[in-house]
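No hydrogens, no waters, no symmetry mates; every other heavy atom, side chains included, goes into these values. Throughout, residue positions are numbered sequentially from 1 according to the sequence presented. One-based numbering, in listed order, for ligands and for the atoms of each. Bear in mind that the values here come from a model prediction, so they are computed numbers and not experimental data.
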Amino acid sequence: MAGDILVIGAGVAGMKASLMLASAGRKVFLVEKSSMIGGRVIRCEDIFPAMECATCMVSPMQQEVLRTGLIQVIANGHVVSVDGPRGDFSVRLAQRASSVDPQACIGCAECWGACPVEADNEFEEGLSRRKAISVPCAGALPNVPWIDRGVCLRWTGERDCSLCSEACVFAAIDYGDSDREILIKVSEIVLATGYDTGSSALETGGSAAVFSAPEFERYYASNGPTSGELVRKDGARPGSAAILVHAGGIGSHSPINTMYCLKFLHYLHEKLPEIRPLVLLDDSYCPDIVSDVHHFLWEGTGAEIILHSGPVRWEGSEGCARLFWKNAEGDRERDIDLLILGTPMLPSEGTREMIRLLGMESDVKGFALNPDPLLSSVGTSISGIFTAGCAGGPMSIAASVTSASAAVGRILSYNTGTAG
Ligand SMILES: Cc1cc2nc3c(=O)[nH]c(=O)nc-3n(C[C@H](O)[C@H](O)[C@H](O)COP(=O)(O)OP(=O)(O)OC[C@H]3O[C@@H](n4cnc5c(N)ncnc54)[C@H](O)[C@@H]3O)c2cc1C
Ligand code: SF4
Ligand code: SF4
C-alpha cells in the first residue's frame with residue numbers, strides 16, 4: 001500500500017527525501033528535533049568541492065520544504081515509539097512546547113532583545129551566547145523562536161518574568177503552551193538523523209590556539225562569533241597554522257575528514273594569505289591525496305602536506321605552542337599558533353537514540369548497519385526503514401543527497417511492486 005512516510009531529521013538528506021516523496025504524491029511527516037530545518041550544513045560558510053555558499057544552496061531547499069503542502073514539518077519534535085511491520089507502522093511523536101505561536105510570530109527579534117537570560121549558543125559550538133528565547137541562528141527557517149525552559153526564569157522559578165511577552169506586539173508568546181503528542185500511521189520510515197563531531201585524541205589543554213573543525217567553521221563564517229575574522233580565541237592574529245587531519249585517531253579515518261580539512265586551506269588562504277599552512281595526515285590511513293578532488297582542494301593554497309606516523313603531540317603555552325610528530329625523516333617539531341583539529345564524524349546522539357528505539361543493528365562506528373550493501377546503499381536491519389545521509393555513515397553533501405534519492409527509489413519502487 002502506498003501510505004504516508006515518516007522522515008526523521010531535516011538536514012539536507014531528510015529535506016531531499018521529503019521533497020522527492022512529496023513530488024511523487026506521498027504525504028510526508030518530517031520530524032526535526034531542533035526548532036529549525038537545514039541540519040549541520042548551514043553551520044558552514046562554503047562547501048566543497050566547488051566552494052559554493054552553503055546558505056545559497058540550502059535556503060531554497062528549506063523554503064520549498066516549508067511551502068510544500070504534502071510535507072508536514074514537526075519542528076521541536078521527536079519519535080517516542082514505533083510499532084508494527086512495514087506498510088503499517090504506528091508511530092507516536094512528541095512535539096516540545098515552544099511557548100511561541102508560529103502563526104502569530106513574524107520573527108521580528110524583539111522578544112530575545114528583551115530577555116535578560118543568556119546561555120551557551122549550541123549553533124555556535126558554545127563560542128557565543130544566546131538568550132533563553134531565541135532562534136538558533138540569523139535567518140533560521142522557520143524563523144520562529146522558542147523558549148528554553150531549562151534556563152528561562154519562569155521555569156527555573158527565579159521570578160515571574162514576562163519581558164518577552166511584553167516586547168511582543170503580535171501577542172505570539174504563549175506561556176501556557178504544552179507538549180503535544182501526535183499519532184500517525186506510515187508505511188515506510190527514512191532515518192536521516194545525521195552526525196555529530198567527536199573529540200580529538202590530542203591533549204591541547206583548552207589552548208586559545210586550538211580549534212575543533214566545527215569551531216573553525218563558525219570562526220570563518222561571516223555570521224559567526226567574530227563576523228568571519230580569523231583570529232585565535234584570545235583575539236590574536238595567527239602567524240602560522242597547522243591542520244591535523246586525523247585528530248580523532250581511527251574515528252577520523254574517512255575521506256570526508258580529509259576533504260573538509262583541505263577545504264580549510266582555502267579558508268586560511270583567503271583570510272591569512274601570508275601563512276603557509278602545514279597539513280599533517282596519518283600515514284596509517286593513506287588517502288589518495290593526489291586524486292582530482294583533493295588536488296583541486298589544496299592546489300594554489302601554498303600548503304605543506306606531510307604524512308606523520310604514530311601520535312602527534314602538542315605542548316602549549318598561552319602564546320605560541322609546539323607540535324611534535326614523527327615521519328620517515330625522524331622526529332620533527334614546529335612552533336604553531338593556530339591548530340585546527342580534523343575531529344571525527346560520529347553518529348549523532350539522535351541517530352544513536354533512533355537505532356536503539358527502532359531496535360536496529362549498528363555498525364562498528366555506531367551508524368545504522370546496512371546488512372546488504374551490495375544490494376542497496378540505504379538498507380537497514382529492519383524492513384521498511386531506510387537511511388539517508390550521515391545516519392548511515394560519514395559522507396559529503398552530494399553523497400547524502402544521492403543516498404536520499406536511493407531511499408526514495410526503494411520506497412517508490414516497492415509500492416509500484418517492482419523492487420524495494
Ligand atoms: C567540519 C565539517 C565541514 C564539512 N564541510 C562539508 C563541505 O564543505 N561539503 C560537503 O559536501 N560536506 C561537508 N561536510 C559534511 C556535511 O556536513 C554532511 O554531508 C551533511 O551535513 C549530511 O547531512 P545529513 O542530512 O545527513 O545530516 P545533518 O546535517 O547532521 O542533519 C541531521 C538532522 O537531523 C536532526 N536530528 C538528529 N537526530 C534527530 C532525532 N532523533 N529526531 C529528529 N531529528 C533529529 C538534526 O537536528 C539535524 O537537523 C562537513 C562536515 C564537517 C564535520
Ligand atoms: S515572538 Fe513576537 S517578538 Fe518574538 S520574534 Fe515572534 S513576533 Fe517578534
Ligand atoms: S520569560 Fe523572561 S527569562 Fe523567560 S524567555 Fe521570556 S524574557 Fe527570557
Side-chain angles (χ1 to χ4, degrees), residues 7-17 30-34 36-52 54 74-75 77-79 99-102 104-117 131-135 143-145 147-149 151-156 158-175 191-197 212-217 256-257 259-261 263-264 342-345 348-354 357 387-392 394-401 403-404:
V7 177
I8 313 171
V12 274
M15 291 194 299
K16 178 70 182 175
L30 175 57
V31 60
E32 166 56 47
K33 74 171 184 182
S34 75
M36 72 171 189
I37 60 172
R40 294 190 68 105
V41 174
I42 35 187
R43 298 184 192 198
C44 300
E45 179 86 348
D46 297 331
I47 47 176
F48 69 73
M51 303 307 284
E52 301 162 70
I74 301 157
H78 67 273
V79 179
S99 314
V100 177
D101 176 358
C105 174
I106 62 145
C108 69
E110 291 297 324
C111 52
W112 62 88
C115 177
V117 175
K131 296 296 185 72
I133 181 165
S134 65
V135 289
N143 189 20
V144 177
I147 293 184
D148 178 353
R149 294 184 174 181
V151 294
C152 167
L153 299 174
R154 293 180 76 87
W155 278 273
T156 57
E158 261 172 77
R159 70 178 145 95
D160 193 17
C161 179
S162 56
L163 289 171
C164 52
S165 176
E166 288 159 31
C168 180
V169 295
F170 299 95
I173 307 283
D174 175 10
Y175 298 128
L191 185 71
T193 41
Y195 72 95
D196 283 333
T197 47
S212 68
E215 286 178 338
F216 190 64
E217 281 285 0
I256 180 88
N257 246 81
M259 304 269 281
Y260 80 63
C261 283
K263 170 178 81 169
F264 290 164
T343 31
M345 288 167 74
S348 68
E349 197 189 323
T351 294
R352 282 184 276 112
E353 258 171 43
M354 283 301 102
L357 186 136
T387 57
C390 293
M395 61 182 88
S396 67
I397 296 164
S400 299
V401 166
S403 74

J.: Within the 4.0 Å heavy-atom shell around Gly39, which atoms of ligand 1 are there?
T.: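 Matching atoms, with element in brackets: 29 (O), 31 (O), 48 (C), 49 (O).
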
J.: Return the residue, atom name and 0.1 Å-rounded distance of the protein heavy atom closest to atom 44 (N) of ligand 1.
T.: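 Going by distance alone, atom 44 (N) of ligand 1 is nearest to Lys33 N, 3.1 Å.
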
J.: How far is atom 6 (Fe) of ligand 2 from its nearest protein heavy atom, and which residue and atom is that?
T.: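 It is Cys105 SG, 2.4 Å.
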
J.: Any idea which protein heavy atom is nearest atom 6 (C) of ligand 1, and the distance to it?
T.: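 Protein heavy atom at minimum distance: Phe48 CE2, 3.5 Å.
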
J.: Which is it for Lys263 and ligand 1 at heavy atoms under 4.0 Å: side chain, backbone, both or neither?
T.: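 The answer is the side chain.
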
J.: Please work out which of Cys161, Gly113, Ser165, Ala167 has its closest non-hydrogen atom nearest to atom 2 (Fe) of ligand 3.
T.: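 Among Cys161, Gly113, Ser165, Ala167, the closest heavy atom to atom 2 (Fe) of ligand 3 comes from Cys161.
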
J.: Tell me whether His78 reaches ligand 1 (any heavy atom closer than 4.0 angstrom to a ligand atom).
T.: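 In this structure, His78 fails to qualify as a contact of ligand 1 - no heavy atom is under 4.0 Å.
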
J.: Between Thr351 and Thr193, is there a side-chain donor-acceptor contact under 3.5 Å, judged purely by atom types and distance?
T.: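 Thr193 vs Thr351: donor-acceptor pair found between side chains.
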
J.: Return a yes/no value for Glu32: is any of its N or O atoms, backbone included, closer than 3.5 angstrom to an N or O of ligand 1?
T.: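 Checking ligand 1 against Glu32, an N or O pair does fall under 3.5 Å apart.
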
J.: What part of Glu349, side chain, backbone, both or neither, has a heavy atom within less than 4.0 angstrom of ligand 1?
T.: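 Neither part.
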
J.: Assess Cys164: does it contribute an N, O or S atom lying under 2.8 Å from atom 4 (Fe) of ligand 3?
T.: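 Looking at Cys164, which is the residue asked about, there is no N, O or S atom under 2.8 Å from atom 4 (Fe) of ligand 3.
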
J.: For atom 7 (S) of ligand 2, what is the closest protein heavy atom, and at what distance to 0.1 Å?
T.: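 Residue, atom and distance for the closest contact: Ile106 N, 3.4 Å.
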
J.: Just need the protein heavy atom nearest to atom 14 (N) of ligand 1, so name the residue and atom and give the distance.
T.: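 Answer for atom 14 (N) of ligand 1: Ile256 CD1, 4.2 Å.
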
J.: For atom 5 (S) of ligand 2, what is the nearest protein heavy atom, given as residue, atom name and distance?
T.: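 Among all protein heavy atoms, the one nearest atom 5 (S) of ligand 2 is Cys108 N, 3.3 Å.
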
J.: For Tyr175, state whether at least one heavy atom is located under 4.0 Å from any atom of ligand 3.
T.: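 Distance cut 4.0 Å: Tyr175 passes for ligand 3.
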
J.: May I ask you to list the atoms of ligand 3 that are less than 4.0 angstrom from any heavy atom of Ile133?
T.: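 Reading through ligand 3 atom by atom, the close ones are 5 (S).
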
J.: Atoms of ligand 2 less than 4.0 Å from Gly107 heavy atoms?
T.: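 Those atoms are 5 (S), 6 (Fe).
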
J.: For ligand 3, which atoms sit closer than 4.0 Å to a heavy atom of Arg154?
T.: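 By the 4.0 Å cutoff, the relevant atoms are 1 (S).
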
J.: Is it the side chain, the backbone, both or neither of Tyr195 that has a heavy atom closer than 4.0 Å to ligand 1?
T.: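 It is both parts that get close, each with some atom under 4.0 Å.
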
J.: Under 4.0 Å between a side-chain nitrogen and a carboxylate oxygen: does that hold for Lys131 and Asp148?
T.: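 Looking at Asp148 together with Lys131, the answer is no, because their closest N to O distance does not fall below 4.0 Å.
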
J.: With side chains defined as the heavy atoms from C-beta onward, is the minimum distance between Val135 and Val144 less than 4.5 Å?
T.: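 They are not in contact (no side-chain heavy atoms under 4.5 Å apart), so the answer is no.
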
J.: Is the distance from atom 8 (Fe) of ligand 2 to the nearest N/O/S atom of Cys111 under 2.8 Å?
T.: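 Looking at Cys111, which is the residue asked about, there is no N, O or S atom under 2.8 Å from atom 8 (Fe) of ligand 2.
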
J.: State plainly whether the residues Asp160 and Arg154 are in salt-bridge range, i.e. N to O under 4.0 Å.
T.: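 Salt bridge present between Asp160 and Arg154.
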
J.: Show me which atoms of ligand 2 lie under 4.0 Å from any heavy atom of Ile173.
T.: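 Numbered from 1, ligand 2 contributes 1 (S).
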
J.: Under 4.0 Å from any heavy atom of Val117, which atoms of ligand 3 are there?
T.: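 The list of qualifying atoms is 3 (S).
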
J.: Hey, is Met354 touching ligand 1 through its side chain, its backbone, both or neither, going by heavy atoms under 4.0 Å?
T.: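 The answer is the side chain.
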
J.: Give the residue, atom name and distance (to 0.1 Å) of the protein heavy atom nearest atom 4 (Fe) of ligand 3.
T.: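 Looking at atom 4 (Fe) of ligand 3, the protein heavy atom closest to it is Cys152 SG, 2.3 Å.
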
